[in-house]
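Report on the structure given below.
Residues take their numbers from the sequence shown, with the count starting at 1.
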Amino acid sequence: MVREIAENELNDLLRLYLHLHEKSLPEMDEHLKRTWDCILKDENHHIIVNEIDGKIISSCVCVIIPNLTRNVRPYAIIENVVTHSDFRRKGHATECLNFAKEIAQKSGCYKIMLLTGSKDEATLDFYKNAVYNSTDKTAFIQWLE
């Protein structure tokens, strides 16, 4: 079942992120709690999860960005697309991306942008099959310390 995350599912999400690029669970400190609270209160920040038998097995984040161009239409950014390694290649992440697309469409977005750090051909093919392309724009990233 694909849906938006519930407030009490932070720990489940953080455990899923161990299948993304995280090496350990973050400390449950005040900074983490404030960040989680901020995300939950932000109507433009959507954490989408896919669950099977009550276990979160896939997720992505969709953030709607208000915009002054394109007839004052917002755009969406997708990040943190992840599926638990035991559940990959079964369409779960695609279901999350489709849910994110529905949110973007309902919000009046004119585009969705998705960036990946992966160079793995299977991952890149996954995004291409989900109808994302890498030809329209060029992404540049500046990492901040």
Side-chain angles (χ1 to χ4, degrees), residues 1-29 31-40 42-67 69-70 73-145:
M1 175 177 76
V2 182
R3 58 178 173 76
E4 291 203 48
I5 198 162
E7 183 176 355
N8 65 340
E9 295 178 310
L10 174 59
N11 287 327
D12 296 334
L13 180 65
L14 294 174
R15 279 193 293 281
L16 178 63
Y17 283 166
L18 295 173
H19 294 267
L20 184 61
H21 50 64
E22 298 301 307
K23 302 294 183 219
S24 63
L25 293 173
E27 182 181 337
M28 190 61 70
D29 60 10
H31 177 66
L32 178 60
K33 290 175 187 173
R34 279 193 311 274
T35 301
W36 180 239
D37 188 51
C38 181
I39 289 169
L40 292 172
D42 185 348
E43 66 182 19
N44 288 320
H45 199 132
H46 305 270
I47 299 178
I48 299 154
V49 297
N50 198 340
E51 71 166 295
I52 294 178
D53 298 328
K55 178 180 179 174
I56 295 174
I57 52 95
S58 190
S59 180
C60 73
V61 173
C62 176
V63 179
I64 307 299
I65 310 294
N67 182 40
T69 64
R70 303 286 182 155
R73 290 179 64 197
Y75 57 92
I77 295 179
I78 304 288
E79 267 288 352
N80 299 333
V81 180
V82 59
T83 299
H84 188 289
S85 58
D86 293 343
F87 294 89
R88 291 186 178 152
R89 301 191 191 286
K90 297 178 180 155
H92 303 300
T94 299
E95 291 174 343
C96 288
L97 291 176
N98 289 341
F99 195 92
K101 182 178 179 180
E102 289 176 20
I103 290 171
Q105 289 172 321
K106 287 177 185 173
S107 298
C109 293
Y110 76 95
K111 72 177 174 184
I112 303 172
M113 292 187 294
L114 182 152
L115 286 90
T116 181
S118 177
K119 305 294 185 224
D120 179 66
E121 281 301 317
T123 301
L124 300 178
D125 286 343
F126 163 72
Y127 292 126
K128 289 175 188 171
N129 289 332
V131 197
Y132 289 85
N133 76 70
S134 59
T135 58
D136 290 348
K137 297 265 185 175
T138 301
F140 291 91
I141 297 175
Q142 182 181 78
W143 296 103
L144 305 175
E145 293 184 37

Value rounded to 0.5 Å, distance of [atom1] in [X] from [atom2] in [Y]:
X   : Y    : atom1 : atom2 : value
I57 : T83  : CD1   : OG1   : 6.0 Å
E4  : I103 : CD    : CD1   : 4.5 Å
D37 : L10  : CG    : CG    : 11.0 Å
I77 : I64  : CD1   : CD1   : 9.5 Å

Residue list, side-chain contact (heavy atoms from CB on, under 4.5 Å) with [X], at least two apart or on another chain:
X    : answer
D86  : H84
H21  : N80
E7   : W36, L40
T123 : T116, S118, D120, Y127

Are any non-hydrogen side-chain atoms of [X] and [Y] less than 4.5 angstrom apart?
X    : Y    : result
I5   : I39  : no
P26  : L14  : yes
L124 : E121 : yes

message: Show every side chain to side chain donor-acceptor pair (under 3.5 Å) that has at least one partner inside residues 88-101, sequence neighbours left out.
response: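 As it turns out, the side chain to side chain donor-acceptor pair (under 3.5 Å) pairs with a partner in residues 88-101, which skip direct neighbours, are N50-E95.
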
task: Please collect all salt bridge (charged side-chain N to carboxylate O under 4.0 Å, His left out) contacts where either partner lies in residues 43-66, sequence neighbours excluded, each pair once.
output: R3-E51

Residues that E79 engages under salt bridge (Lys or Arg N to Asp or Glu O under 4.0 Å), provided they are two or more places apart: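 Listed in chain order: nothing, the list is empty.
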
Test of understanding: with side chain to side chain donor-acceptor pair (under 3.5 Å), list the residues that count as partners of [X], not counting sequence neighbours.
X   : value
N8  : none
R15 : D12
E22 : none
S59 : none

message: For a quick test of reading the model, state the closest non-hydrogen atom pair linking P74 to P66 and the distance between them.
response: CB-CA, 4.2 Å

Taking distance alone, no hydrogens or angles, what donor-acceptor pairs closer than 3.5 Å link side-chain atoms of residues 134-145 to residues at least two apart or in another chain?
{"unit_1": "T135", "atom_1": "OG1", "unit_2": "N133", "atom_2": "OD1", "d": "3.2"}
{"unit_1": "D136", "atom_1": "OD2", "unit_2": "N133", "atom_2": "ND2", "d": "3.0"}

